[in-house]
Structure formats: structure tokens, C-alpha cells
Amino acid sequence: MAVLIDGKLVSAKVREKIAEEGRCLLQETGVQPGLAVIIVGEDPASQVYVRNKKKACEQVGFYSEEYALPAETTQQELDALLEKLNRDDKIHGILVQLPLPRHLDEKAVIEKIDPAKDVDAFHAFNVGKIMIGDYDYLPCTPAGVMELIHSAGVSVSGKECVVIGRSNIVGKPMAMLLLHENGTVTVCHSRTKDLAEVTRRADILVSAVGRAKFVTADMVKPGAVVIDVGMNRDENGKLCGDVDFAAVEPVASYITPVPGGVGPMTITMLMKNTLTSAQKKAKKA
Ligand code: NAP
């Protein structure tokens, strides 16, 4: 039976620390960390994420602004808003909720955000800094995964780590963070041959695919640490991860549930990056 890594609990502890550091910053320098969240269109899942981000800001005592723009918003209008927020001293973090409507160029939008306020760490400047191991911000989901691994007292150094998925927001940076901690990292994707043979080598297995019950018990080495990044719906419409939890849990040593695993950590790491940005700004002033 695996030990459950409780993302809600870890997240609550980290948020307490963030709130405390935020209060100190405000008292000592008058700077209150501020986050602006932009959402374009009416995607229901995105609306939930944005609401949760606003709630998290309130919980840790941060200032927040929310921009809910109509689906027909033009690139020029979005650019103008980003330029305004880049100059706004109250705002230390800018987040544009993805995906954007198809007529907008996501890459151009991300590049428009001041890298110093890019708390998602999606800007090429910050991605490059992560690559060389000299970063201010870590992308929120992989950073949350690392916190969960640390919370379980698991050391990555020297371990076989397998990441399934190579997206720019999860898989690739995840691999990089595991590498920074001296894991021996393999990244798998849809063209990987004999996936189960590769994943069975993993001491630490991270799945970021986006398919329910994708990771089955025969893909997991006994005693492995299994981290489930996936957020999917099962046949009954219930939120679930990539891992067939009931089958894999008896095989693993540690496992994250969905919901209540990686999900809560992602927003917490966003708060952490916003705090870091505000602290850097206060130091410079
Ligand atoms: P994505 O961009 O769709 O990437 C999925 C990856 O899975 C791709 O690299 C793809 O390979 C790989 N893949 C697909 N089928 C595969 C197969 N049969 N065998 C091996 N690899 C396969 O998704 P994402 O944005 O990284 O997100 C992944 C999941 O994490 C989704 O469920 C998403 O909702 C969830 N997520 C959760 C959080 C959170 O806070 N918990 C945050 C972000 C994302 P190719 O590159 O070859 O196509």
C-alpha cells in the first residue's frame, strides 16, 4: 500500500508561509504582492481556474485584478492591456489564462509579458533561465511536483526518473527540474516504443498525458513514487488523473491522488512566484 502524498495539506502549509512572507514584505517595504489574471472568452474550465487563482490571492493577502475579456478581443487590444500591466507598479505577476481563442497568437502574447512579471515562467527568457539552472521563477506545475516529492522526504539524486509527456508547460520543464536535482531522466511521448518497458524502470514516475487510466499497474515498478499530473474526466464525468489509481496504489511506495494532489500545488506555486517578483521589485526600489 502506497503512502498518499496529500497535495491539499502540503499546499496549505506552503501557502501559510507565503502569506507570512507577504505580510512581512508589506510591513517592511509597503509593497503588497499583486497578480493580474487575464481570461479571454468563456471556456468554463478556464473560468474555474481563474476564480481559484483569485481566491488564492485573497487567502494569502495579495492584491489581485481580473480581466475577463470577450472572445472577440483582438491581438492589439490584448497587447495594449499587457503593456499597461507591464508598467503598473501594483502588479508583480501577469497571467494570461490558456488556451486563448484560436484567432489570438499565444506565443506572441506570452512574449509580450515582461519576463520579470512572467509568473507562469512561459516566456522564452525564463524558459532559457530554467534550462541553465539560473532561474527566478519555476513553471508552476513542475515546481509543485518537486515540492510534493520533497514533502514525502524522497531524494531525487541518482534515481531513475521517467516523465510521460513533453509539453512546454509540464513535461519538458518537469524533466529539467528532475535533472537539476541529479535524477537520471527519461522523457516519453506518443512515439516512445514500448512505453511500459521504459516506465517500469522508473523510481520516480511522473505522468502528464491527459488520458484517464493511462498508467496501469504493469507500467509501474514496485515501490516507485508515482506523481499524477493528469486532469481528466472518467466515464462518469468525475475528475481523475492519468493513473489507474486503484490498480497502481498497491504497487507504488508514494502516490498523488487526483483531485487533491498536483492540482492545488500549481496555484500555490503561482502565489510563490508572485511573492518572489514583489520581493525582487522591493529590493530594487
Ligand atoms: P499536452 O500538451 O496535450 O501533452 C500531452 C503529452 O502526452 C504529449 O507530449 C504527448 O506526446 C503525450 N502523449 C499522448 N499520448 C501518449 C501516449 N500514448 N504515450 C505516451 N505519451 C503520450 O498536455 P499538457 O498540457 O502537458 O497536460 C497534460 C495533462 O496534465 C492534462 O491532463 C492536463 O489537464 C494536466 N495538467 C494538470 C495541471 C495541474 O495543475 N494539475 C497543470 C497542467 C496540465 P506527443 O508530444 O508525442 O504528442
Side-chain angles (χ1 to χ4, degrees), residues 5-8 10-11 14-15 37 43-53 55-56 95-100 106-107 110 119-122 127 130 137-149 151 161-178 185-202 205-216 218-220 226-235 237-245 255-273:
I5 306 180
D6 185 341
K8 275 196 203 150
V10 178
S11 172
V14 179
R15 281 192 202 189
V37 180
D43 177 51
S46 294
Q47 285 174 333
V48 173
Y49 296 143
V50 168
R51 260 204 310 277
N52 288 344
K53 283 162 189 171
K55 252 198 257 163
L95 182 143
V96 180
Q97 187 65 48
L98 303 179
L100 288 169
E106 252 174 41
K107 202 163 151 250
I110 291 168
V119 284
D120 252 340
F122 290 166
V127 173
I130 292 159
Y137 311 122
L138 290 177
C140 300
T141 301
V145 169
M146 295 312 289
E147 288 274 346
L148 290 178
I149 293 173
S151 78
C161 304
V162 175
V163 179
I164 322 176
R166 56 172 166 181
S167 70
N168 287 334
I169 62 166
V170 189
K172 281 185 205 160
M174 188 69 251
M176 204 49 65
L177 300 196
L178 291 163
V185 184
T186 306
V187 182
C188 300
H189 45 78
S190 64
R191 312 284 175 90
T192 298
K193 289 203 179 110
D194 201 351
L195 181 66
E197 189 269 320
V198 181
T199 59
R200 267 197 304 271
R201 294 206 297 261
L205 178 62
V206 181
S207 182
V209 173
R211 277 170 64 177
K213 298 207 171 132
F214 182 79
V215 177
T216 47
D218 63 306
M219 294 168 70
V220 178
V226 179
I227 308 284
D228 192 350
V229 179
M231 283 209 311
N232 315 300
R233 296 277 163 191
D234 69 10
E235 58 278 12
K238 235 178 102 211
L239 185 65
C240 69
D242 289 346
V243 175
D244 182 350
F245 189 89
I255 190 164
T256 61
V258 178
V262 176
M265 292 305 294
T266 297
I267 297 185
T268 299
M269 293 299 113
L270 177 70
M271 298 299 116
K272 189 172 175 188
N273 285 346

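Side-chain atoms are counted along with the backbone in the values below, which use heavy atoms only and exclude waters and symmetry mates. Whatever order the structure lists ligands and atoms in, that order sets their numbers, starting from 1. Because the structure is predicted, anything quoted here is derived from the model rather than measured.
Within the 4.0 Å heavy-atom shell around ligand 1 one finds Arg211. Ligand 1 lies within reach of Gly263, whose nearest heavy atom is under 4.0 Å from it.
Considering only non-hydrogen atoms, atom 1 (P) of ligand 1 lies nearest to Ser167 out of Cys188, Pro259, Pro264, Ser167. The residue from Leu98, Asn232, Val209 that puts a heavy atom closest to atom 7 (O) of ligand 1 is Val209. The heavy atom nearest to atom 27 (O) of ligand 1, out of those in Val187, Leu270, Val170, is found in Val170.
Contacts between Val229 and ligand 1, counted as non-hydrogen atom pairs separated by less than 4.0 Å, involve both the backbone and the side chain. With a heavy-atom cut-off of 4.0 Å, Thr192 does not touch ligand 1 at all.
Counting only heavy atoms of the protein, atom 33 (C) of ligand 1 lies nearest to Met231 N, 4.1 Å. For atom 21 (N) of ligand 1, the nearest non-hydrogen atom of the protein is His189 C, 3.1 Å. Nearest non-hydrogen protein atom to atom 29 (C) of ligand 1 is Gly210 N, 3.8 Å. Remark: minimum distance from atom 17 (C) of ligand 1 to any protein heavy atom is reached at Phe214 CZ, 3.5 Å. At the top of the distance list for atom 8 (C) of ligand 1, counting protein heavy atoms only, stands Arg166 N, 4.0 Å. The nearest protein atom to atom 42 (C) of ligand 1, hydrogens excluded, is given as Thr141 OG1, 3.2 Å; this is a heavy-atom distance.
Heavy-atom contacts of Thr266 reach the following atoms of ligand 1: 39 (C), 40 (O) (cutoff under 4.0 Å). For ligand 1 and Ala208, the ligand atoms under 4.0 Å from any heavy atom of the residue are 5 (C), 6 (C), 7 (O), 28 (C). Counting the atoms of ligand 1 from 1 in the order shown, those under 4.0 Å from a heavy atom of Ile169 are 25 (O). Each of the following atoms of ligand 1 lies closer than 4.0 Å to a heavy atom of Gly165: 6 (C), 7 (O), 9 (O).
Distance check: Arg15 CZ to Ile267 CD1 gives 6.0 Å after rounding to the nearest 0.5 Å. In this structure, CG on Leu148 lies 9.0 Å from CG on Asp6, to the nearest 0.5 angstrom.
Between Asn168 and Phe122, the closest side-chain pair of non-hydrogen atoms is not below 4.5 Å. Between Arg201 and Val198 there is a side-chain heavy-atom pair separated by less than 4.5 Å. Leu138 has its side chain out of reach of Met269: every pair of non-hydrogen atoms, C-beta onward, lies at least 4.5 Å apart. Counting heavy atoms from C-beta outward, Val220 and Val226 have side chains that approach closer than 4.5 Å.
For the side chain to side chain donor-acceptor pair (under 3.5 Å) test with Ser207, the passing option among Asp242, Thr199, Asp228 is Asp242; the others fail. Exactly one of Cys140, Pro139, Pro142 qualifies for a side-chain contact (heavy atoms from CB on, under 4.5 Å) with Thr266. That residue is Cys140. Exactly one residue among Val187, Val206, Ile227, Thr141 makes a side-chain contact (heavy atoms from CB on, under 4.5 Å) with Met174. That residue is Val206.
Within the 3.5 Å criterion, the main-chain N or O of Leu195 finds no donor-acceptor partner in the side chain of Thr192.
Inclusion of Ser190 in the set of residues having an N or O under 3.5 Å from an N or O of ligand 1 is warranted.
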message: Using side-chain contact (heavy atoms from CB on, under 4.5 Å), reason through Leu178 and Ile149 one step at a time and then give a plain yes or no.
response: CA-CA 10 Å; Leu178 291 163; Ile149 293 173; 4.2 Å; yes
